[in-house]
Each structure stands twice: as C-alpha cells, then as structure tokens.
Student: 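The following block contains the structure, expressed as structure tokens.
We name chains A, B, ... by the order of the sequence lines, and we start the count at 1 in each one. Just so it is clear, the model here is predicted, and its values are computed rather than measured.
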There are 2 protein chains.
Amino acid sequence: MSEVFKALADPTRRRVLQLLRERPMTAGELAGHFSSSKATLSAHFSVLREAGLVAADKRGVTITYSLRLSVLEDALLAFAETFGIGLAGAGALKEESGR
Amino acid sequence: MSEVFKALADPTRRRVLQLLRERPMTAGELAGHFSSSKATLSAHFSVLREAGLVAADKRGVTITYSLRLSVLEDALLAFAETFGIGLAGAGALKEESGR
DNA sequence: CTCATATTTCGGTATTTAGCTAAATATCGA
DNA sequence: TCGATATTTAGCTAAATACCGAAATATGAG
C-alpha cells in the first residue's frame, strides 16, 4: 500500500501511468516524453514495477511496459473503502476489463 | 496532488487519518496511539495539514485535529477519473456530508 | 508573575530519493 | 565476431525525509 502511494507521489511517474493508459509503450518511447535522462526514467519504471503498477515485457532488446490498471484500482478501492468512500464506478470498470 | 499522495505514502500518517475518521482528536491524544516521539508526530501532522487532509483547531493550549474527508475524497476522485476509474460512490458521500 | 501543560520548533544524524554521466549488459543484424 | 541499439546498473551528489532530545512558545491556573 505504501509502495503504491509512494509511486503515485511523483508527477513523472503519474504521467508515465497516464501515457500507458492509452497503450503499452517501450522504455525508450516513454522516455521520449520526458526531459530527464533514460537512466533516471529507468529508475522510475523500477519504482512503478515494484509497486506492481506496471508490467514489463521484454521482447528482444526492447522492454514494453504496460499499465496494470487492476492493481491501481484495487489499491485505491481498498484504501477508499476504509474511509467509507465508496468507489462504485469500479464495477463498471470490471465489466470493461472483462471483454 | 503530489502532496496528498506523499502524505498518504506513510503508514503512520494513514493511521492518523484513520483515527480521525471516528472523531477529532488532540495532538497529544493522537500521539498516544504511536510509539514515536511527539516531535515526530508533530511533523507528521504538519505534512497532513499542508496536504489539506486535516484541519487544526487551536483551542486554548490544545490543538484538535480533524479529518477533512472532502479533500481526501476530491483528490482520489480527480485522480481516479483520469484513469477512467469512476468513483460513483462519492455522490452518496456528498449527500452525507451535506447534512 | 510563576508554574505546569500542550505543542511546536530547533539542531542534529541517518536514510531515502531524484537526478546525472559513464559503464555494463543483452540482443540483433551483417 | 563486430557493431549498433535499448535498457539497466554503478557511482556519485544534492535535496528531502524520518527520527530523536532539548529548547522555545503559548495558554490557563493559581
């Protein structure tokens, strides 16, 4: 739980997740959207990976990252629930992910 | 946004929010629930205050902290929305806070 | 005014984090 | 095998964070 929130606390990482919302992208492709060095971005990917928020798929020499929306969703849901904040919309999401 | 997630990234601070969910509590009362020093807790309160997640009400020599649920709610909602995670339950919450 | 109480601020240390460049690793094509 | 490409790892610095004990601040009681 802490790891997810820690990952979300950085704007760069949140933007990475946003980019991956559209489609999976390679590390280099993602890095192209930022001004930081690739090494720095790589560290951000690592944080996201360890939080379980992205999946890394190595294909040849490139690594494609994809968003693991369910992990993000579950974390937010679990946390919000303890505060009585119902996230009813998650149901609709579940349907969508089920197709 | 970053400040809210950063505040939520620490287990102690999340527990403080949980405690405040029941009722407002003074700084000392809150500190009694943790093994860290009061100085350390005070710093945590400061982070929560700066993130807007709690309100501090100074009454005489004691400071009573209370949860600002709407801020937490709005932050989670806004973020979740950008990921297509609808938080329909927030509507019901709004009604509740309206009484 | 003085004392006790509640809380924060100060000064310090240790750990973590974000960033960089340079070097290492791995894979592909010729 | 050699070279090019994609990505990570290593080594470093600067800034931020968490923690402590001690000192400062503010208030209310007497």
Student: Let me know the distance between NZ of K6(A) and C1' of dA16(D), rounded to the nearest Å.
Tutor: 13 Å
Student: NA contact type, S42(B), heavy-atom cut-off 4.0 Å: base, sugar-phosphate, or nothing?
Tutor: base
Student: Whole Å only: how far is the CG atom of L41(A) from the P atom of dA6(D)?
Tutor: 15 Å
Student: Could you report the tightest heavy-atom contact between L20(B) and S66(B), atom names first, then the distance?
Tutor: CD1-C, 4.1 Å
Student: Taking NE2 from H44(B) and P from dA18(D), how many angstroms apart are they, rounded to a whole number?
Tutor: 6 Å
Student: Mind checking which nucleotides bracket the chain A contacts on DNA chain C, 5' to 3', with an atom under 4.0 Å from a heavy atom?
Tutor: dT17(C) to dC28(C)
Student: Are the side chain of R13(A) and the backbone of H44(A) linked by a donor-acceptor contact shorter than 3.5 Å?
Tutor: no
Student: Rounded to the nearest 0.5 Å, how far apart are CG of L76(A) and CZ of F83(B)?
Tutor: 9.0 Å
Student: When rounded to the nearest 0.5 angstrom, what distance separates CG in L19(A) from CG in L67(A)?
Tutor: 10.5 Å
Student: With a 3.5 Å distance limit and no angle check, can you tell me whether E29(A) reaches the backbone of T26(A) through a side-chain donor-acceptor pair?
Tutor: yes
Student: Run through L53(B), L30(B), V47(B) and flag the one making a side chain to side chain contact (heavy atoms under 4.5 Å, CB included) with V16(B).
Tutor: L30(B)
Student: Specify the residue among V61(A) and S37(A) whose closest nucleotide of DNA chain C lies further upstream toward the 5′ end.
Tutor: S37(A)
Student: Are side-chain N/O atoms of T82(A) and R21(B) paired as donor and acceptor at under 3.5 Å?
Tutor: no
Student: I63(B) has an atom CD1; how far is it from atom C1' of dT27(D), in whole Å?
Tutor: 11 Å
Student: Quick check on contacts: within residues 8-36 of chain A, what sits under 4.0 Å from DNA chain D by heavy-atom distance?
Tutor: T26(A), A27(A), G28(A)
Student: Need one value for T40(A): base, sugar-phosphate or nothing, where a base atom within 4.0 Å counts as base even if backbone is also close, heavy atoms only.
Tutor: base
Student: Of the non-hydrogen atoms in A75(B) and M1(B), which two are nearest, and what is the gap between them?
Tutor: O-SD, 4.4 Å
Student: To the nearest Å, how far apart are K38(B) NZ and dG21(D) P?
Tutor: 13 Å
Student: To the nearest 0.5 angstrom, please state how far the CE atom of M25(B) sits from the CZ atom of R23(B).
Tutor: 4.5 Å
